[in-house]
Amino acid sequence: MKRRKFLKNSGLGAAGLMSVPLVKGCANESESKKEQKDSPPVRPIVIATWDVPNATAKAWEVLEKGGSALDAVEQGVRMEEADISNQSVGKGGRPDREGNVTLDACIMDQLGNCGSVVYLQNIAHPVSVARKVMEETPHVMLAGKGAEKFAVDNGFNRENLLTEKSRKEWEDWKKTSKYQPVINIENHDTIGMLAIDAQGNLSGACTTSGMAYKMAGRVGDSPIIGAGLFVDNEIGGATATGMGEEVVRTVGSFLIVELMRQGKSPQEACEEGVRRIIEKNKGKLDFQIGFIAVNKNGETGGYCIQPGFTYRTYSSEGHQNTPSASHIPS
Ligand code: ASP
C-alpha cells in the first residue's frame with residue numbers, strides 16, 4: 001500500500017500536519033518524485049453553500065490572480081455580508097427576538113489556524129474580524145462586547161446592521177412571536193465557503209446572522225470550528241447551513257472531513273453526515289441541514305435533508321449552481 005494511502009486509511013493522518021514532515025523526511029528522493037507523479041494535479045476550486053454567484057465569482061477572481069485560498073474565502077463571503085438583500089448574513093440580517101442583529105462567523109486556513117467571532121453586534125464584516133482574531137490574538141474565539149471592542153480597536157466601523165426591511169418584518173413577527181425556523185429561508189441562509197488555491201492549499205469561511213428571531217444570546221454552529229466549518233489541508237474541508245443546533249450535536253463538518261480521511265468521497269461523506277443527524281432525530285425532520293465538502297483533489301459533494309438546498313462551484317470548468325441531492329425526495 002502506498003505510504004500516503006496507508007496514512008489516510010490507518011487514521012494516522014489524523015495526527016494532522018505534524019505527520020507530514022516526518023513522512024517527507026523519511027522518503028528518499030525517487031520515492032518523493034514518484035509520489036509527486038502519482039498525486040493528481042492541483043485543481044483550484046471554490047464551493048459555497050447556496051446560489052451566491054457574486055461571492056463565488058469574487059473568490060475565483062482572487063484565486064485567478066494567484067491569491068491564497070484564505071484571501072479567496074474571506075473576500076468571497078464578504079460579498080454576502082455586505083449585501084443587504086441577503087437577510088441571513090451580515091448587514092441586513094434578521095434580528096433576534098429582541099430586535100438585535102447578532103452575527104457569527106469563523107475562518108480556517110491550511111495550517112489549521114482558525115478564528116471565530118460569536119454574538120458580534122454593529123460590525124458588518126464578522127469574517128474579517130474572525131480572521132483578525134486568528135492572526136493577531138493568541139485566541140480562537142471572541143464573543144459579544146469583547147469581540148466588538150476588538151473589532152473597533154482594529155479599525156472596523158460600528159454601524160447599525162438592522163435595515164428597515166428586517167426591522168419591519170421583525171415588528172410583524174412580534175405580533176405572533178411564533179418561533180418556527182423556516183426551511184430554505186429565501187434560498188440563502190448561512191454562507192459557508194471552501195477554496196483550494198494554485199498551491200493546493202485549502203481554506204474555509206462561514207458567516208451568518210443565525211436563525212431569525214432566535215433567543216437573545218443564542219449562537220449556532222456557524223462560528224464553531226468543527227461544527228459549521230472544518231478544514232484539514234491533507235484531506236479536505238466541509239461546511240454547513242441549516243439548523244445549527246443539530247450540526248453542533250454531531251460536530252458535522254469535522255465528522256465529514258474525518259469520513260473523507262477514511263476514504264469516503266465528499267458526496268458519500270456529506271450523505272453520512274446528514275444520516276447521523278437523521279438517526280439522532282428519529283424521524284422528526286421538520287428542519288433543514290445542508291452540508292458541502294471538497295477533498296484535496298478538488299472533488300466536491302453536497303447533501304441535505306429537505307429538497308431546495310443548492311451549492312455553487314467555480315473552477316476552471318466554469319461557474320455552476322448545483323441542486324443538492326436530498327434525503328427527502330423533491
Ligand atoms: N446555521 C445557522 C445557524 O444555526 C443558520 C442557518 O444556516 O440557517 O445559526
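Residues: numbered from 1 along the sequence shown. The structure presented is a predicted model; accordingly, all values stated were derived computationally and were not measured.
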Legend entry - Donor + acceptor pair across side chains of Glu159, Asn122 (<3.5 Å):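 The answer is no; no qualifying pair exists.
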Give a yes or no on whether the backbone of [Y] and the side-chain of [X] come within a donor-acceptor separation of less than 3.5 Å.
X      : Y      : answer
Gln288 : Ile305 : yes
Asp232 : Gly236 : no
Thr49  : Gly192 : yes
Gln121 : Asn160 : no

Inset, instruction - Run the salt-bridge test on Arg78 and Glu81 with the 4.0 Å N-O cut-off and return the result as yes or no. - result: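 Salt bridge between Arg78 and Glu81, a charged N being under 4.0 Å from a carboxylate O: no.
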Inset, instruction - Classify the ring geometry between Trp60 and Tyr314 as parallel (under 30°), tilted (30 to 60°) or perpendicular (over 60°). - result: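 It falls in the parallel class, under 30°.
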Inset, instruction - Treat each ILVMFWY residue as a node, draw an edge where side-chain heavy atoms are under 4.5 Å apart, and state whether Val248 and Val219 are in one component. - result: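 No; Val219 is not reachable from Val248 via cluster members.
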Legend entry - Verify same cluster id: Phe156, Met79 (apolar side-chain graph, 4.5 Å):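 No, no single cluster joins them.
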Legend entry - Residues forming a side chain to side chain donor-acceptor pair (under 3.5 Å) with Arg275, sequence neighbours excluded: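 If we apply the side chain to side chain donor-acceptor pair (under 3.5 Å) test to Arg275, skipping adjacent residues, the hits are Glu272, Glu279.
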Inset, instruction - For residues 214-271, pull every pair meeting ring-ring contact (aromatic ring centres under 6.0 Å, His included), keeping only residues two or more places apart or in separate chains. - result: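 ring-ring contact (aromatic ring centres under 6.0 Å, His included) check on residues 214-271 returns Phe230-Phe254.
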Inset, instruction - Could you list the residues that satisfy salt bridge (Lys or Arg N to Asp or Glu O under 4.0 Å) with Glu98, not counting sequence neighbours? - result: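 By the salt bridge (Lys or Arg N to Asp or Glu O under 4.0 Å) rule, Glu98 matches no residue at all.
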Inset, instruction - Determine, for Trp170 and Lys174, whether the Lys NZ or Arg CZ falls below 6.0 Å from the six-membered ring centre while staying within 45 degrees of the axis. - result: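 Cation-pi check for Lys174 and Trp170: passes.
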